[in-house]
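Data block below; observations after.
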Amino acid sequence: MPTIAITVDGVSVNVEADQRPTHIFAENKEIVVARINGVLKDLWTELSQGDVVEGVSINSEDGLAVLRHSTAHVMAQAVQEVFANTKLGIGPPIKDGFYYDFDPQENFNPDDLIKIESAMRKIIKEGQRFRRRVSTEKDALKELAHEPFKCELIGIKGPAGEEASVEVGGAELTIYDNLGRDGNPVWSDLCRGPHLASTKLIPAFKLMRTAAAYWRGSEKNPMLQRIYGTAWPSVDELNAYLEFLAEAEKRDHRRLGNELDLFSFPEEIGSGLAVFHPKGGIIRRAMEDYSRLRHEEEGYDFVYSPHLTKAALFETSGHLQWYADGMYPPMILDEEHNPDGTIKRAGQQYFMKPMNCPFHNLIYKARGRSYRELPLRLFEFGTVYRYEKSGVLHGITRARGFTQDDAHIYCTKEQMVGELDSLLTFVLNLLRDYGLTDFYLELSTKNPEKSVGEESDWVEATEALRKAANAQNLELVLDEGGAAFYGPKISVQAKDAIGRTWQMSTIQVDFQLPQRFELEYSASDGTRQRPVMIHRALFGSIERFFGVLTEHYSGAFPPWLAPVQVIGIPVADSFADYLGEVIQTMRKAGIRADLDASDDRMQKKVRNAQMQKIPFMVIAGEEDQAAGAVSFRYRNGDQKNGIPIADAIVEIKKVIKERTQV
């Protein structure tokens, strides 16, 4: 047998010409796919002289994606075995799992998932091989004539879109066959691959849920049924993930918002538009008040702007050109009509604002500015409205109406680097004050196809952000092409108590809007110069940050944020008056304290306080009353007895002032 010279994981070797990666990596069971000359390929791919081959582990990002993509195919095969007339959509891998879209004769139910999982286990046990074959468009359309959604994908000549790219969009049109033990195809699907060598290499999986989804994400297309699943390299990892999901469900801000009476989404108002109840209002006010205090200390000026504006403002800013799909439709106002109903005077288009920055530019431009005023830092809790598709709405963390803690800093180019450095430090320290401490930074750079302005300005702004980020000694991740059309940005990514990553603050340099709004200042030499504009949202939005903190603390907010900081629980009704006086004294000291004067027994009152996650339970019985004292019961069940009232107030106020958790 002739041999060929190739490189395997950096080592030059000679192998027989008919060897495939599956043979080369036969001793390493973790290798599930190979990177050949830089391209991910199946382990059954033919090799040629000079190929550079790299084994890809199932535990790597690429390996996990291939595992999950292959599991999605097995699921689709199982669905068509159990429900024979089901039509196939697409089935890509996603973060922590996969999904596949189907057009069944009847919608799936939870019992159906059990049947599908059973069929999948049989397919996996059979060890069916995934075989790739190249097809022509004509042959593929003939072979898949019974699959209308696949035929639509075959007809796509350009980029297929992110989700459909797992099916088509490569250099070749390919179909994958699942081969039975006799080597003959038992099921086939349109796909680019790559896939595992065999279904037997799927170690652990679970189907999670079903959902409705429009074909290819467009509301103009048919509604399909989507099945979500997850797959992992081991049963232990699958179980750990399921435990993580169970914990995340307990912390879900939508669930806690209802249980703790914080906010709701009345149907009468509409999707994605929340109302905050009194307890939620207290938390939100505490969040905003502390933010205001810190901004005042840092030299910000507070401004206010209206909720809607004429279209011309967003034409000037460029939002109607670049962001119209995310805006609510315009309102036509001030239109005048003749008696016969014809238009006498055309009305004006008004838009609900999706951004605050154009308004702040008008405030800057309201009068002449001098270099002595710079940097000028404008800050607003500004409510904005964005038309998000219903499928992406998620409680208050993804809404249609929300309030941004929006700041815009105007400075000279010379001030930009120093301003970015101090701004990023301020942002990180403020997030730490709210209890988030685990961060990394992400630098989003220019998208050449969606940007305005001079290349030199983009380079200067990007390097200024990079320098500010590096000064923080945090991990910096590059997001190439991820910037908005008007400038590069740094985003702060924070991990919560169970390790999930949330995008928090964003800091964006903008050379473009000052040009579009013709912003100027008088320089020290008397010339008119253009300021640099820096966009900054610390929370992202008040609502979203509220939701993140709710899940981070699992509803057990630290005392400084808790809507009720102290609940008074008398051992018996005879001590209610005494404890009521204590609670009143605490209120006068600025503590948010209530008395549980219900008819419930003491044990039930303690349980209610625990369910409401109240930081301090102040209990009083005969000994406490005689000594002018109270007893503390904390959320974790610990208790401290016989605390003089004055000392109790000092302890509670100290915890609140220092913003510590109990």
Side-chain angles (χ1 to χ4, degrees), residues 4-75 90-100 123-124 127-134 162-163 165-172 174-179 189 191-205 229-238 240-241 477-478 480:
I4 56 174
I6 62 173
T7 301
V8 178
D9 289 341
V11 179
S12 297
V13 296
N14 291 307
V15 299
E16 293 183 352
D18 64 348
Q19 290 284 289
R20 309 289 177 88
T22 190
H23 304 122
I24 295 170
F25 295 110
E27 298 301 316
N28 189 345
K29 301 302 181 184
E30 286 192 356
I31 302 302
V32 293
V33 69
R35 188 173 284 104
I36 303 175
N37 303 323
V39 180
L40 282 179
K41 298 278 189 176
D42 302 312
L43 290 181
W44 288 102
T45 301
E46 293 184 8
L47 297 174
S48 301
Q49 176 75 20
D51 280 348
V52 177
V53 183
E54 176 188 354
V56 178
S57 168
I58 194 172
N59 295 296
S60 68
E61 183 177 347
D62 286 333
L64 284 170
V66 171
L67 164 65
R68 289 160 180 165
H69 188 192
S70 297
T71 311
H73 270 237
V74 170
M75 178 177 71
I90 54 176
I94 55 176
K95 185 180 184 299
D96 296 331
F98 58 88
Y99 70 78
Y100 211 112
I123 294 168
I124 291 170
Q128 297 178 8
R129 176 186 156 191
F130 288 94
R131 182 184 68 184
R132 178 181 185 270
R133 60 183 165 90
V134 178
E162 184 176 352
E163 294 174 329
S165 64
V166 299
E167 312 277 342
V168 294
E172 299 175 310
T174 56
I175 291 174
Y176 272 79
D177 300 317
N178 279 26
L179 305 182
D189 193 10
C191 187
R192 288 177 60 185
H195 279 290
L196 301 175
S198 164
T199 60
K200 191 170 285 186
L201 297 177
I202 298 174
F205 76 93
T230 188
W232 293 85
S234 69
V235 173
D236 286 345
E237 288 170 278
L238 171 62
Y241 176 67
V477 176
L478 191 63
E480 294 191 37

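Sequence positions, counted from 1, serve as the residue numbers for this chain. Since the structure is predicted, the reported quantities are computational estimates derived from the model, not experimental observations.
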For residues 47-56, which side-chain N or O atoms pair as donor and acceptor with protein atoms under 3.5 Å away, sequence neighbours left out?
| unit_1 | atom_1 | unit_2 | atom_2 | d |
| --- | --- | --- | --- | --- |
| Gln49 | OE1 | Ala5 | N | 3.0 |
| Asp51 | OD1 | Asn37 | ND2 | 3.0 |
| Asp51 | OD2 | Ser48 | N | 2.7 |

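- Considering OH of Tyr100 and NE2 of His69, their distance stands at 7.5 Å, rounded to 0.5 Å.
- By the 4.5 Å heavy-atom criterion applied to side chains, Pro194 and Lys41 are not counted as neighbours.
- A distance of 7.5 Å separates OG1 of Thr199 from CD1 of Ile123, quoted to the nearest 0.5 Å.
- When side chains are defined from C-beta on, Val66 does not count as touching Pro93, because their heavy atoms never get closer than 4.5 Å.
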Phe205 and Ile124: CA distance, side-chain angles, deciding distance, side-chain contact (heavy atoms from CB on, under 4.5 Å) verdict: CA-CA 11 Å; Phe205 76 93; Ile124 291 170; 3.5 Å; yes
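- For the pair Ser234 (side chain) and Glu237 (backbone), a donor-acceptor distance under 3.5 Å is present.
- Separation of atoms OG1 (Thr230) and CG (Leu238) is listed at 6.5 Å; rounding is to 0.5 Å.
- Here the side chains of Pro21 and Ile36 are in contact, with some heavy-atom distance below 4.5 Å.
- Judged by the 6.0 Å and 45° rule, Arg131 forms no cation-pi pair with Trp44.
- Note that CG of Asn28 is 11.0 Å distant from CD1 of Ile58, once rounded to the nearest 0.5 Å.
- Taking 4.0 Å as the cut-off between side-chain N and carboxylate O, Arg132 and Glu172 count as a salt-bridged pair.
- The structure places CG of Leu196 at 11.0 Å from NE2 of His73, a figure rounded to the nearest 0.5 Å.
- The shortest side-chain heavy-atom distance between Met75 and Phe98 falls under the 4.5 Å cut-off.
- Closest approach of Leu67 to Pro233, counting heavy atoms only: CD2-N, 4.0 Å.
- Between Val8 and Ile6, the shortest heavy-atom contact is CG2-CD1, 3.7 Å.
- Expressed to the nearest 0.5 Å, how far CZ of Arg129 lies from OH of Tyr176 amounts to 10.5 Å.
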Worked check of side-chain contact (heavy atoms from CB on, under 4.5 Å) between Ser198 and Phe130: CA-CA 6 Å; Ser198 164; Phe130 288 94; 5.8 Å; no
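- Classified by interplanar angle (parallel below 30°, tilted 30° to 60°, perpendicular above 60°), the ring pair Trp232/Tyr241 is tilted.
- Between Asp62 and Arg35 there is a salt bridge, since a side-chain N of the basic residue sits under 4.0 Å from a carboxylate O of the acidic one.
- In this structure, Ser57 and Ile31 approach most closely via the heavy-atom pair N-CD1, 4.0 Å.
- Considering all non-hydrogen atoms of both residues, Thr45 and Arg20 come closest at O-CD, 3.3 Å.
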